[in-house]
Number of protein chains: 4
Amino acid sequence: MSTKINIMKAATELFAIKGYEGTTLKDIANAVGIKPPSIYAFFEGKEDVLLHIYQEILDEHHKHLQDMLEQLKNGYAKNKLYGLLVTAAEYHLSEAGKMKLFRRLMLFPPEILQSEITESFQKLVAIERQAINAVFEEAIRNKEVREGKSEDMTTAFQCLMNGLFLESQYYDEQEFYLRLDIIWEEYWMGISRKD
Amino acid sequence: MSTKINIMKAATELFAIKGYEGTTLKDIANAVGIKPPSIYAFFEGKEDVLLHIYQEILDEHHKHLQDMLEQLKNGYAKNKLYGLLVTAAEYHLSEAGKMKLFRRLMLFPPEILQSEITESFQKLVAIERQAINAVFEEAIRNKEVREGKSEDMTTAFQCLMNGLFLESQYYDEQEFYLRLDIIWEEYWMGISRKD
Amino acid sequence: MSTKINIMKAATELFAIKGYEGTTLKDIANAVGIKPPSIYAFFEGKEDVLLHIYQEILDEHHKHLQDMLEQLKNGYAKNKLYGLLVTAAEYHLSEAGKMKLFRRLMLFPPEILQSEITESFQKLVAIERQAINAVFEEAIRNKEVREGKSEDMTTAFQCLMNGLFLESQYYDEQEFYLRLDIIWEEYWMGISRKD
Amino acid sequence: MSTKINIMKAATELFAIKGYEGTTLKDIANAVGIKPPSIYAFFEGKEDVLLHIYQEILDEHHKHLQDMLEQLKNGYAKNKLYGLLVTAAEYHLSEAGKMKLFRRLMLFPPEILQSEITESFQKLVAIERQAINAVFEEAIRNKEVREGKSEDMTTAFQCLMNGLFLESQYYDEQEFYLRLDIIWEEYWMGISRKD
DNA sequence: AATGAATGAGAATTCATTCAT
DNA sequence: GATGAATGAATTCTCATTCAT
């Protein structure tokens, strides 16, 4: 029964690297050590494999989002936000294949998933945004960060996250963490209240 | 003779949206209003079309980089950096198809271009980095921005650029410019010297 | 499983008649009663079909060569040499398709097989030559044939064989055997010792 | 106007080496230094090129046959027959390309020429046969060669010629002439009258 | 659960040929 | 005469998929 899981693992990796159209069932079967028709014992077809993977990534992402939101509940904004970045970074790096595919699907969805992806993605971003916004609202109230519109701060922070997670693909783990810390320091220096 | 240009235009758009593997010569031919074999009068094959497009994008990018570097020569850091963002944004939006393909190729290069892209991309980033770094060095000296390591500021600024240009794909033009200004304001507030 | 054999049979016949380049996979598939893509379940492609056939022909040829060499071991030179011609003739006629292809490949190898064919062919000829030469050496010693250089006799006999097997393609079976006997008689009359 | 001749020369060579089906108009045009459509200024198409070449080869062959027949008129049979072989050999070697194509067309005619070739070829062989036969008839009468049926001697001699001219393709010029002389000596030793 | 055999659909590509220039 | 542009037809080959086993 672990064959199904192996198929999904292999397909995730391959879809991430070669894209949905660039990956053949033969590629996947080879990676698993089976023959292409065997995939049909577990999935309805190539599209179905992608759909299952996408659902899995989405589910995990939601779970991960819960973890992140949990993290945003108590403590100083500094710790919350930095924790958010680190948690997300760890997640992106530990699940490199899945996350690479996630980014690919978000940025360049294959036609079959286009609408579905756009929709679910916007939901994710909205949830994330709301949670981050709450952090800033509180931090402004607490005078932990400088005066300003929490909405704008959220926008900027999201941009930073986007930038970082694009970079997680360019740089190896060590270099990425170095950059993460530099970027965070620079960011926090600018947003924190100096007094 | 404009058929060659039309092929490249159509292919750029299609490669950007559907990917290299997801685009067929028939797709391209249909978009141009010719039949697939006619493409072979101008290119050696599908791969050659991509190669020519990639070269064109790279050339234009270099030209555009020169423009940007020019812009970074004189004036206040604030204007330079903001000008940089706006110029780049305008470029990305005015050449939406090319730039979408550029982003796709950088993030998810098809196997045939993998090594070539990685190499040329790193060169581009290095040139950009050096120019931005020079701006920060001067701005620190002039006390236009706060104290700090110019290298780290450059790292953070590059992350911001990366985030922005990933966002240029999610949001429509109007919303993107709104975000750009918000992000810039937030950023500059953090980096500039308050006195 | 006999489909593979059927493909090879059909391809042998077609390659022999229409040549490698003149034969399409569709021709072969039609002859077998399958569709062209099915060929790929058994061979890597058109070239691979030819390669397999060539190998088969070569293997059989070696086996046949062993039979012929066996025949050259005992008895009178007259019987040996005539037996050689008849055995070879029978082989060529019984495996008409294969042998026609063999001749075609030897005389007009397609580019893909050029070097491979030249090499393996020269080996075959050398083995044959050595065996025939031994027969003449012995026959000269035994005074079964006239005085002379065995090497030269071998050269002449090979020419005769070449001529005959080129003729096996021009004439139908009956006429060919008539010619074979005439040619043999004429030949033996000239080479044998008259006393 | 020499372009037409150049096309025929190039096509002859290419058809000989790669076969009719294996040769493209592009191959021919490249060899001439023109573009494929230019060929249509001189020929109706690919088939027409082959037809013209075939006609040319046939005409020359007839002319050459006349030369050979001329040679068979006076003198000793030994000189006539040896002269025949040498003249033919020289012809085959001096017009290597044409003769290779000739052999190819005779042995493996492309479908378009099948019937035409078979017919004209049999005529050639018959003329040749008649002339050679006359030589033997006279030589038997003159007691230049041993007793026997001139028809059978002709058959054997034709076989020798076939063998030789197949060999003209395997061996380089020098080696071929060596073999030619050996074969001739062996042959003549067998056929000539010893007294 | 797994696969060998087979295939329809369609991909890239080649090629002979046409035609306007 | 020569050729650039264009194409219909065909070729090799790939691929997702089906089905009997």
Side-chain angles (χ1 to χ4, degrees), chain A residues 1-4 6-7 20-29 32-50, chain B residues 1-4 6-7 20-29 32-50, chain C residues 1-4 6-7 20-29 32-50, chain D residues 1-4 6-7 20-29 32-50:
Chain A
M1 190 60 71
S2 92
T3 301
K4 188 173 183 179
N6 288 335
I7 292 170
Y20 175 70
E21 290 92 350
T23 302
T24 70
L25 289 185
K26 203 179 169 190
D27 289 336
I28 298 171
V32 176
I34 56 175
K35 308 285 168 183
S38 305
I39 295 172
Y40 287 82
F42 305 97
F43 300 95
E44 281 168 35
K46 190 183 173 185
E47 197 176 323
D48 193 42
V49 176
L50 178 60
Chain B
M1 190 61 68
S2 91
T3 301
K4 187 174 184 178
N6 288 335
I7 291 170
Y20 175 71
E21 291 92 349
T23 302
T24 70
L25 290 183
K26 202 179 170 191
D27 289 336
I28 299 170
V32 176
I34 56 174
K35 310 287 169 186
S38 302
I39 294 171
Y40 288 83
F42 305 95
F43 299 95
E44 281 168 37
K46 192 183 170 185
E47 194 175 323
D48 192 43
V49 176
L50 178 59
Chain C
M1 191 61 67
S2 91
T3 302
K4 187 173 184 178
N6 288 336
I7 292 170
Y20 175 71
E21 291 92 349
T23 302
T24 70
L25 291 184
K26 203 178 168 190
D27 291 335
I28 299 171
V32 177
I34 56 175
K35 308 289 167 181
S38 302
I39 295 172
Y40 288 84
F42 305 96
F43 300 95
E44 280 168 37
K46 191 183 170 184
E47 195 175 322
D48 192 43
V49 176
L50 178 60
Chain D
M1 191 57 71
S2 91
T3 301
K4 187 172 185 179
N6 289 334
I7 292 169
Y20 175 70
E21 291 92 349
T23 302
T24 70
L25 289 184
K26 202 180 168 191
D27 290 336
I28 299 170
V32 176
I34 55 175
K35 308 286 168 182
S38 304
I39 295 172
Y40 287 82
F42 305 97
F43 301 95
E44 281 168 36
K46 191 182 171 184
E47 197 176 321
D48 192 43
V49 176
L50 178 61

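- Comparing D:G33 and C:E44 against DNA chain F, the residue whose closest nucleotide sits nearer the 5' end is D:G33.
- If you take CD1 of A:I7 and C1' of E:dA2, they are 11 Å apart, rounded to a whole angstrom.
- The side chain of B:K46 sits closest to E:dA12 out of F:dT17, E:dA12, F:dA9.
- The nearest whole Å value for the distance from the CZ atom in A:F42 to the P atom in F:dT17 is 16 Å.
- Across the protein-nucleic acid pair, B:F43 atom CZ and E:dT13 atom C1' stand 16 Å apart, rounded to whole Å.
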What pattern of brackets, bars and dots sums up DNA chain F from 5' to 3', given Watson-Crick or G-U wobble pairs under 3.5 Å, [ ] for crossing pairs and | for another strand?
.||||||||||||||||||||
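- Picking from F:dA2, F:dA6, E:dA12 the nucleotide with the shortest atom distance to the side chain of B:L25 gives E:dA12.
- Of the candidate nucleotides F:dC15, E:dC15, F:dA2, F:dA2 has the atom nearest to the side chain of D:T3.
- Taking NZ of C:K26 as the start and CD1 of C:I34 as the end, the distance is 14.0 Å to the nearest 0.5 Å.
- Counting heavy atoms from C-beta on, the side chains of B:L25 and B:Y40 come closer than 4.5 Å.
- Where D:I34 and B:I39 each meet DNA chain F at their nearest nucleotide, the meeting point lying more 5' is that of D:I34.
- In terms of heavy atoms, B:F43 sits closest to B:D48 at CA-OD2, 3.5 Å.
- Residue D:N6 holds its CG atom at 12.5 Å from CD1 of D:I28, rounded to the nearest 0.5 Å.
- Note on A:S38: every side-chain N or O is 4.0 Å or more away from OP1 and OP2 of E:dA1.
- Of the candidates F:dG1, E:dT13, F:dT18, E:dT13 carries the atom nearest the B:Y40 side chain, counting heavy atoms from C-beta on.
- In this structure, the side chains of D:V32 and D:I39 stay at 4.5 Å or more apart for every pair of heavy atoms.
- The CD1 atom of D:I28 sits 8 Å away from the P atom of E:dA16 (whole-angstrom rounding).
- Note: C:I7 CD1 to C:F42 CZ = 5.5 Å, rounded to the nearest 0.5 Å.
- Within the 4.5 Å cutoff, side-chain heavy atoms of A:Y20 are placed close to those of A:K46.
- Out of F:dC13, F:dC15, E:dA12, the shortest distance to the side chain of A:T24 is found at F:dC15.
- Phosphate proximity of E:dA6 to C:K35: absent, as no side-chain N or O sits under 4.0 Å from OP1 or OP2.
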